[in-house]
2 protein chains.
Amino acid sequence: MLSKKTKYGIKALTFLGRQVDNTPVAIATISKSENISLKFLESILLTLRKNGILGSKKGKGGGYYLLKSPSEIPMTAIMRILEGPISMVPCVSLNFYEKCADCPDESACAVHNLMMQVRDNTLDIFRNTSLADLCNC
Amino acid sequence: MLSKKTKYGIKALTFLGRQVDNTPVAIATISKSENISLKFLESILLTLRKNGILGSKKGKGGGYYLLKSPSEIPMTAIMRILEGPISMVPCVSLNFYEKCADCPDESACAVHNLMMQVRDNTLDIFRNTSLADLCNC
DNA sequence: CATAAACCCTATAGATTTAGTAGATTAATA
DNA sequence: TATTAATCTACTAAATCTATAGGGTTTATG
């Protein structure tokens, strides 16, 4: 299940991507428009900034803005920052790999092989979808 | 992320599906072979029984056994029982649908439309994979 | 009747999620 | 320069979920 953090993060990014110019938008503006708890959104936007997706400007007239154009931001990046691994099990993760404690042989593990398929398919979608695609719908 | 419950459940089902005859297998046998905590596995097998996947026999020589042949058990059924919804958001779920509180218009929601794609792809895999496929690998 | 097994109920430690509260810091502007 | 509007930081907290553990009950078998 997708966390609210990720869901809200994507919604906020989409909101920013739909802006005509790329001038800073205040958290409160996004919060009201997308029905997201202000302080929760604040922490989400902060992590997006720390991970190079967003820039921010402090003080009056400040806010958050996209650092790249929406078409240059793949969903893989957004998902990995907000949700973490795209895989359903760590043992098939590309960026967050971890061996299973209970499983002696990965290549013989039924779960492993099934989840590899799921990962490949999901990854394919996220790789071929950019923030721009989300903004146009 | 896949819960351990689901992972262990699938492993146990695979173990049962690989049995030559379909005679009852004790929880302890599966627990040892697959490195799964006995009491946790107990509760997992119980829910699989209550959901029509497994049968059980009490007393000496008792245990759990599959109610159908592995090829007749699709992964969709197993996943829904153990993990719940296959969708990443309730608003695109076929079997566990729930409207989002924050979202006024589903068809205009970027998250909704993206997760619909992911669901379709994942569902396709689970529909075309049966327990039998997992047993042969 | 003894034994071995599923069954059933309860509790719980720990982690994660989803926030809320309080204040510090920074920058534009009147 | 004083004010104001904004981000930034840190702490707290409730609620829920996860992954067990323990103990007692029931049922079948030899």
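A note on names: the letters A, B, ... follow the listed sequences, proteins ahead of strands, and every chain is numbered from 1.
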### Message
I'd like to know if B/Asp102 pairs up with A/Lys7 as an ion pair, taking the criterion as any Lys NZ or Arg NE/NH1/NH2 lying under 4.0 Å from an Asp or Glu carboxylate oxygen.
### Response
yes

### Query
Quick one: A/Phe40 CZ to D/dT12 C1', roughly how many Å, whole number?
16 Å

### Task
Tell me which nucleotide among D/dA19, D/dA5, C/dC7 gets nearest to the side chain of A/Lys60.
D/dA5

### Message
Taking 4.0 Å as the cut-off, does a side-chain nitrogen or oxygen of A/Ser56 come that near to OP1 or OP2 on D/dC8?
### Response
yes

### Task
Record whether the side chain of A/Lys39 comes under 3.5 Å of the base of D/dT7 through a donor-acceptor pair of N or O atoms.
no

### Summary
B/Lys57 NZ to D/dG30 C1', in whole Å, measures 12 Å

### Message
Below the 4.0 Å mark, does D/dT20 have OP1 or OP2 next to a side-chain nitrogen or oxygen of B/Tyr8?
### Response
yes

### Query
Across the strands shown, which category fits B/Leu46 at heavy-atom distances under 4.0 angstrom: base, sugar-phosphate, nothing?
sugar-phosphate

### Message
Measure CD1/A/Ile44 against C1'/C/dA19 and give the value in whole Å, please.
### Response
10 Å

### Task
Just call it for B/Lys7: base, sugar-phosphate, or nothing, with non-hydrogen atoms closer than 4.0 Å on any strand.
nothing

### Task
With heavy atoms under 4.0 Å as the rule, sort B/Ile27 into base, sugar-phosphate or nothing.
sugar-phosphate

### Message
When you measure from the side-chain N and O atoms of A/Ser43 to the phosphate of C/dA19, is any distance below 4.0 Å, counting only OP1 and OP2?
### Response
no

### Task
May I have the distance from A/Arg49 (atom CZ) to C/dT26 (atom P), rounded to whole angstrom?
13 Å

### Message
If I take atom CD in residue A/Glu42 and atom P in nucleotide C/dA24, what distance separates them, rounded to the nearest angstrom?
### Response
16 Å

### Query
Taking atom C1' of D/dA19 as reference, at what distance in whole Å does atom CG of B/Leu82 sit?
15 Å

### Task
Only one of A/Leu67, A/Leu45, A/Ile44 passes side-chain contact (heavy atoms from CB on, under 4.5 Å) with A/Leu54; say which it is.
A/Leu45

### Task
Answer yes or no: does a side-chain N or O of B/Ser37 lie under 4.0 Å from OP1 or OP2 of D/dA21?
yes

### Query
When you measure from the side chain of A/Lys58, which nucleotide among C/dT18, C/dA6, C/dT26 comes out closest?
C/dT26

### Message
Nearest to the side chain of B/Lys4, heavy atoms from C-beta on, is which of D/dA19, C/dT18, D/dC8?
### Response
D/dA19

### Message
Contact between B/Arg80 and B/Phe126 at the side-chain level, heavy atoms closer than 4.5 Å - yes or no?
### Response
no

### Query
To the nearest Å, how far apart are A/Leu41 CG and C/dG20 P?
12 Å

### Protein-nucleotide distance (A/Tyr64, atom OH; D/dA5, atom P), rounded to Å
19 Å

### Message
Quick check for you: to the nearest 0.5 Å, what is the distance between B/Lys11 atom NZ and B/Leu41 atom CG?
### Response
11.5 Å

### Pairwise distance NZ(A/Lys57) to OH(A/Tyr65) - rounded to 0.5 angstrom
8.5 Å

### Summary
When A/Gly59 and A/Leu38 are each assigned the nearest nucleotide of DNA chain C, the 5'-most assignment goes to A/Leu38

